[in-house]
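Notes follow once the structure below has been shown.
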Amino acid sequence: MSGAFLSETDVECALGPVLPREFYLRPTVEVAQALLGQLLVHQQPEGLTAGLIVETEAYLVGDPGSHAWRGRTVRNAAMFGPPGTIYTYRIYGVHWCVNLVTQPEGVPEAVLIRALEPVAGIELMRRRRGVARLQDLCSGPARLCQALGITDALNWGDITSPPLWVADTGRPPGQVCVGTRIGLPIGKGHEAPLRFGLAGSPFLSRKFAD
DNA sequence: CACTCGATGTTCT
DNA sequence: GAACATCGAGTGG
């Protein structure tokens, strides 16, 4: 596929209506599940990339696994923004991850996007990722950010408008798997059932225990 | 397949 | 100094 630059209208027609701010202003666990099956889209001059959200995690107030657990810092400030705020952070000093804020300003809850099924701009994703297999392009929170070109530049941005938004596919999520969150140390909320995925998707970062 | 390890910004001890 | 919402290269079965 060529790197044609679609207008906002073209994109909206092709990919469905943009999910509005009210979509995110619900209990965070509900948003994390409702996002499954919807389309994350990044529109840039070098091309448009998009993928179906197949895996998410919820991070809550009073949650020792959350970056906001010890209060506001320079890094996590976007988590305290209004619903629909984009929170990006650098992990292990090398990769980017992206979250969407779900609560009113001052209440730091968010959904981490953990995996996508590639849908649009797949050749651009392959160039950015340096891998060919479809299953390796977006199956992890840092992988999908590299594939879509998501960086710190989007931190504090608004997920309800370009350049990064979620399009409503109009499809029900299908069967949702629930599990424990990935990568959290013992005693830091690692047991909480706050990871969600589309059952049977080959694009998950890891399989769910049955 | 399982496991180890290096990359290194931000936060905490 | 150590730990961390990770990934990919390397080793060994």
Side-chain angles (χ1 to χ4, degrees), chain A residues 24 28-29 31-33 35-36 40 49 51 53-81 85-103 107-118 125-157 159 164 166 176-198 201-210:
Chain A
Y24 301 94
T28 303
V29 165
V31 176
Q33 295 177 72
L35 280 168
L36 298 174
L40 182 66
T49 46
I53 299 171
V54 299
E55 184 182 337
T56 59
E57 281 178 358
Y59 287 86
L60 310 176
V61 165
D63 171 4
S66 170
H67 286 171
W69 187 48
R70 295 166 196 277
R72 185 170 176 145
T73 64
V74 172
R75 177 178 67 159
N76 70 20
M79 284 189 80
F80 293 77
T85 299
I86 298 165
Y87 166 47
T88 61
Y89 67 94
R90 203 198 277 280
I91 186 170
Y92 293 95
V94 263
H95 307 295
W96 297 105
C97 295
V98 64
N99 296 256
L100 309 180
V101 173
T102 59
Q103 300 297 295
V107 182
E109 299 201 347
V111 174
L112 171 69
I113 310 297
R114 281 198 59 91
L116 306 176
E117 173 176 342
M125 291 184 187
R126 286 197 169 109
R127 285 200 297 277
R128 284 169 168 166
R129 292 273 302 121
V131 295
R133 287 176 66 229
L134 217 51
Q135 300 97 304
D136 294 333
L137 291 179
C138 301
S139 56
R143 290 175 174 183
L144 72 90
C145 283
Q146 187 180 23
L148 268 63
I150 293 171
T151 70
D152 203 29
L154 291 171
N155 193 38
W156 271 111
I159 195 59
L164 185 71
V166 180
V176 175
C177 291
V178 181
T180 56
R181 296 176 295 184
I182 307 289
L184 297 189
I186 311 290
K188 296 267 188 174
H190 71 291
E191 299 174 318
L194 295 174
R195 174 178 176 236
F196 306 98
L198 281 188
S201 170
F203 298 96
L204 300 173
S205 68
R206 299 195 197 176
K207 303 206 180 223
F208 283 78
D210 299 298

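Chain A is the first sequence line, chain B the second, and so forth, proteins listed ahead of strands; every chain is numbered from 1.
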Could you measure between the two [atom1] atoms, the one in [N] and the one in [M], and give it in whole Å?
| N | M | atom1 | result |
| --- | --- | --- | --- |
| dA2(B) | dA5(C) | C1' | 23 Å |
| dC5(B) | dG13(C) | P | 15 Å |
| dA3(C) | dT4(B) | P | 16 Å |

Base, sugar-phosphate or nothing for [X]? Non-hydrogen atoms, less than 4.0 Å.
| X | result |
| --- | --- |
| Leu112(A) | base |
| Arg129(A) | sugar-phosphate |
| Arg75(A) | sugar-phosphate |
| Gly183(A) | sugar-phosphate |

Can you check whether [Y]'s main-chain N or O pairs, donor with acceptor, with [X]'s side chain at less than 3.5 Å?
| X | Y | result |
| --- | --- | --- |
| Arg129(A) | Leu137(A) | yes |
| Arg195(A) | Thr180(A) | no |
| Arg181(A) | Gly189(A) | yes |
| Glu57(A) | Ile182(A) | yes |

To the nearest angstrom, how far is [X] atom [atom1] from [N] atom [atom2]?
| X | N | atom1 | atom2 | value |
| --- | --- | --- | --- | --- |
| Asn155(A) | dT10(B) | CG | P | 12 Å |
| Tyr89(A) | dC12(B) | OH | C1' | 17 Å |
| Trp96(A) | dT10(B) | CH2 | C1' | 11 Å |
| Tyr87(A) | dT10(B) | OH | P | 11 Å |

Spatial distance of atom [atom1] ([X]) from atom [atom2] ([Y]) [nearest 0.5 Å]:
| X | Y | atom1 | atom2 | result |
| --- | --- | --- | --- | --- |
| Met125(A) | Arg143(A) | CE | CZ | 14.0 Å |
| Leu194(A) | Phe196(A) | CG | CZ | 5.5 Å |
| Met79(A) | Arg75(A) | CE | CZ | 10.0 Å |

I'd like to know if the side chain of Arg128(A) pairs up with that of Gln146(A) as donor and acceptor (distance under 3.5 Å, no hydrogens or angles considered).
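Checked: Arg128(A)/Gln146(A) side chains show no N/O donor-acceptor pair below 3.5 Å.
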Qualifying residue, where the test is side-chain contact (heavy atoms from CB on, under 4.5 Å) with Thr88(A) and the options are Thr151(A), Leu164(A), Asp152(A)
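Filter result, single survivor: Asp152(A).
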Give the dot-bracket line for DNA chain B from 5' end to 3' end: parentheses for intra-strand Watson-Crick or G-U pairs under 3.5 Å, square brackets for crossings, | for inter-strand pairing, dots for unpaired.
|||||||.||||.
First and last nucleotide of DNA chain C touching chain A, 5' to 3', heavy-atom cut-off 4.0 Å?
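Footprint of chain A along DNA chain C, 5' to 3': dC4(C) to dG8(C).
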5'-most by nearest nucleotide on DNA chain C - Pro185(A) or Ala142(A):
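Comparing both residues, the 5'-ward one is Pro185(A).
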